[in-house]
Amino acid sequence: MGTGTGIGRVRGLGSARHGTHHWIHQRITAAGNFVLVLAFIISLLRMQGLDYAGVTAWLSNPLVAVTMMLMVVSIFYHLRLGMQVMMEDYVHDEGLKFVSILILNFYAIGGAAAGIFAIAKIAFSGGAA
Amino acid sequence: MAISILHRVTGNGLATVGALALVWWLMAAATGPAAYDYFLSWARSPLGYVVAIGLTWAFFQHLLSGLRHFVLDMGAGYELKTNKSWSILIPVLSIFITAAIWLTICARNI
């Protein structure tokens, strides 16, 4: 960063600042995804088609709703960590990197919010919107 | 090497196309029958099926190579022969699983 002090020259460099934290959380959400997304895919296969009535009725079931919400959180948290690693690898311009990671975070949080809200709305309105 | 970049590519594909498709589906279902029908018109189009099959493959490829990461995390599987065998087997497995799932779906719908 700066040319003045020694610490000014090394600040912002080095490891990804929270390396271990990210690494562990990536594994945790990976395990979560493994269980939850596989369960989701199996559920989809067992559904008789993707019609509106069937899907909304299915999502209204409390157990399904909670599990789906957890899946949405796990997916977006996992993808946020994964895509950040990719950006840190390929984007070298500091300004562009900052903006990219900012947009990524907005996408992850926005996507999770949309997913959770949609499930909640379907579940609370009893499957008939 | 190839399996490593495949893990990244499938991950980012799932993160963008997959996550957006998931949220679109959920939001459409929450918005109402008209919005949901619009989603279905895309999902049941040829492009929709291509995307769905692609996402299925990407998911299982990412899952299997992710399991490979877990094994490597534990410190196992670094031997050259072992690593190479699994690196070849994993894409074969993911294609097989994808085919099995989609053939089941097609058989059910015919």
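A, B, ... follow the sequence lines: proteins, then strands. Residue 1 opens every chain.
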S.K.: Are there over 12 heavy-atom neighbours, none belonging to Phe96(B), within less than 6.0 Å of that residue's CZ?
M.R.: no

S.K.: Distance alone, cut at 3.5 Å: any donor-acceptor contact between the side chains of Tyr36(B) and Trp25(B)?
M.R.: yes

S.K.: Which bit of Thr56(B) comes within less than 4.5 Å of chain A, counting heavy atoms only: side chain, backbone, both or neither?
M.R.: neither

S.K.: Is it the backbone or the side chain of Leu38(A) that comes under 4.5 Å from a heavy atom of chain B, or both, or neither?
M.R.: both

S.K.: Can you tell which part of Ile75(A) gets under 4.5 Å to a heavy atom of chain B, answering side chain, backbone, both or neither?
M.R.: side chain

S.K.: Using a cut-off of under 4.5 Å on heavy-atom pairs, state which of Asp89(A), Asn33(A), Ile119(A) scores highest against chain B.
M.R.: Asp89(A)

S.K.: Under the 6.0 Å and 45° cation-pi test, does Arg27(A) pair with Trp23(A)?
M.R.: yes

S.K.: Need one label for Leu14(B): side chain, backbone, both or neither, based on atoms under 4.5 Å from any heavy atom in chain A.
M.R.: neither

S.K.: Can you check whether Arg68(B) reaches Leu72(B) side chain to side chain, under 4.5 Å on heavy atoms?
M.R.: yes

S.K.: Should we count CZ of Arg108(B) as having more than 12 external heavy atoms under 6.0 Å?
M.R.: yes

S.K.: Measure the CD1-CH2 distance between Ile101(B) and Trp57(B) for me, rounded to the nearest 0.5 Å.
M.R.: 14.0 Å

S.K.: Taking side chain as everything from C-beta outward and backbone as N, CA, C, O, which of these in Phe60(B) sits under 4.5 Å from a heavy atom of chain A? Side chain, backbone, both or neither.
M.R.: side chain

S.K.: Using the six-membered ring wherever Trp is involved, compare the ring planes of His69(B) and His7(B) and label them parallel, tilted or perpendicular (cut-offs 30° and 60°).
M.R.: tilted

S.K.: So does Leu80(B) have more than 12 non-hydrogen atoms from other groups sitting under 6.0 Å from CG?
M.R.: no

S.K.: For Ile42(A), is it the side chain, the backbone, both or neither that has a heavy atom under 4.5 Å from a heavy atom of chain B?
M.R.: neither

S.K.: With respect to chain A, which residue among Thr104(B), Asp73(B), Ile105(B), Leu40(B) yields the maximal number of heavy-atom pairs within a distance under 4.5 Å?
M.R.: Asp73(B)

S.K.: Between Phe117(A), Tyr90(A), Phe76(A), which residue shows the highest count of heavy-atom pairs closer than 4.5 Å to chain B?
M.R.: Tyr90(A)

S.K.: Is it the backbone or the side chain of Leu45(A) that comes under 4.5 Å from a heavy atom of chain B, or both, or neither?
M.R.: both

S.K.: Sort Val72(A) into side chain, backbone, both or neither according to what part of it lies under 4.5 angstrom from a heavy atom of chain B.
M.R.: side chain

S.K.: Taking the six-membered ring of Tyr107(A), is the NZ or CZ of Arg80(A) close enough (under 6.0 Å from the centre) and on axis enough (within 45°)?
M.R.: no

S.K.: Heavy-atom distance under 4.5 Å to chain A: side chain of Trp24(B), backbone, both or neither?
M.R.: neither

S.K.: Taking Gly115(A), Ala114(A), Ala120(A) one by one, which has the highest count of heavy-atom pairs under 4.5 Å against chain B?
M.R.: Ala114(A)

